[in-house]
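Notes follow the structure.
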Amino acid sequence: MATEAKTPDTAAEGEDTDRSQLAVEEEKLEAAAKGERKPRQGAEMSNLDIVRFYFDRAVERLELADDIRAVFWTPYREVTVQIPVRLSDGITHVFSGYRIQHNGARGPYKGGIRFHPEVDIDEVRALASLMTWKTAIANVPFGGAKGGVNCPADQLDRTEVQQITRSFMDKIEKILGPTRDIPAPDVNTDAQVMAWMMDEYGKLHGHTPAICTGKPIALEGSYGREAATGRGCVYMYREAAPHLGLTPADTTFVVQGYGNVGSWAARIMQQLGCKMVGASDANGAIRNDAGIDANALEEYIQQDGVMTAYDEADAIDPEELLEIPSDVFIPAALGGMIHQGNADRMQCRVIVEGANSPTTPGADEILSEKGVYIIPDVMANAGGVVCSYFEWVQNLQHFRWDEREVNDKLGTVMRRAYREVSARAKQENLPLREAAYLVGIERVVEAARTRGYV
Ligand code: GLU
């Protein structure tokens, strides 16, 4: 995730989503020529720069040779496709689709598909490499990939989203397959989108449920998959809490991005006895120090749509969300939301990164000086892909586990990842993020070497 967020926060308030993709690309090129940030990029660094920064830091510590570094610096394969779709406005819109396979040393490429206007090739490159490290840290037998289409899916009707999904699948199916590359949901894509993907793939290859994960239960999806990324974040909190002197009954938390990941994390935190005091989504943010019922809020959003109109909490400026005093802050929106410009205002003790790449290195530094304990994306939000692995295993056998079995197995894998990474962090006196990268990169390099790839 994150990771899958139905309604991610975007820094683009009041954004004109009807701008042509051509104009968007031109804007980006113009900014790059002037050495400026990408339009609507709130953080001082792009997601690709963030991921490469942490990768390079680990490479240095591991003393990896330059030729090995070069192999993982860029992806193994990148496919860009054109997706022309006639939308309900009667105009043919040309979207760009990407599928990027970063590394497959440890198994088939694996990673979500994101539908969002800010998707571009660098963003997908960043997310694909995060998947390589994430699957290795969780120790599931997959490589890393990511896909995306730069369409404003949350502004489109379902027929339009279906058209885009099928067209995208038609164009990338040649590099996919249950033993090659297996997509899953991500921002603005869900079980229904996966159902269309599987159906489209099936027209060419016959019924192939293992072609993607995160499918509906009716189509060989796995119990527990929808909640898995959020649940995985909660497993991380549970592992960390005793060492930080936190008990659920005294834990308050804030969720930035009340989509799939954020809302499930909130609901499961609440089941443990923790109290949510703030939340946000693409429409704004709310706060109530006496507590916000995570289930009631989710129901309200499903019915009425607008979080800020929820009358059991006060609407606040989304930037104020970071300043709410809490024990745990869960960023579950888009990348780069916690940056040099706002990190010092954060008032939490722990950050559990449900989103991918939410924190810039500059923010990391500020937060570590403040003593904030960060459980990084590459392990914190791995619950989604771990459960995707379970779905894939079930699909290959056309077999189904019950939800309890899935959740228990998820807990086992998440706890193992936390313990392995935190042991490494202790051993080398490092923050969890740096330790996680060391563990992940070592495993991938070992697999690549053993294969004879490097
Ligand atoms: N999109 C999710 C992530 O970023 C899940 C990927 C998957 O299940 O393959 O981890």
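Just follow the structure's listing: the first ligand is 1, and inside any ligand the first atom is 1.
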At under 4.0 Å between heavy atoms, what of L127 touches ligand 1? The answer is neither
Identify which of K110, E391, K146 has a heavy atom lying nearest to atom 4 (O) of ligand 1.
K146
To check you understand the geometry: which heavy-atom pair defines the closest contact between A184 and K110, and what is its length?
CB-NZ, 3.5 Å
Check L321 against F329 and note the closest heavy-atom contact, atom names and distance.
O-CE1, 4.1 Å
Do F95 and P152 make a side-chain contact, defined as non-hydrogen atoms from C-beta onward lying under 4.5 Å apart?
yes
Please identify which of these residues, Y109, W133, F142, meets the ring pair (Phe, Tyr, Trp, His ring centres under 6.0 Å) condition with H102.
W133
For ligand 1, which is the ligand I care about here, please tell me if R225 has any N or O atom under 3.5 Å from one of the ligand's N or O atoms.
yes
Please report the closest heavy-atom contact between V119 and N150, naming both atoms and the distance.
O-CB, 3.4 Å
Out of T229, N381, T189, D186, whose heavy atom is nearest to atom 1 (N) of ligand 1?
D186
Check: F390 ring centre within less than 6.0 Å of W401 ring centre
yes
Can you name the atoms of ligand 1, numbered from 1 with element, that are less than 4.0 Å from a heavy atom of M131?
3 (C), 4 (O), 6 (C), 10 (O)
What I want to know is whether T213 and ligand 1 share at least one N or O pair that is separated by under 3.5 angstrom.
no
Any N or O on P185 sitting closer than 3.5 Å to an N or O of ligand 1?
yes
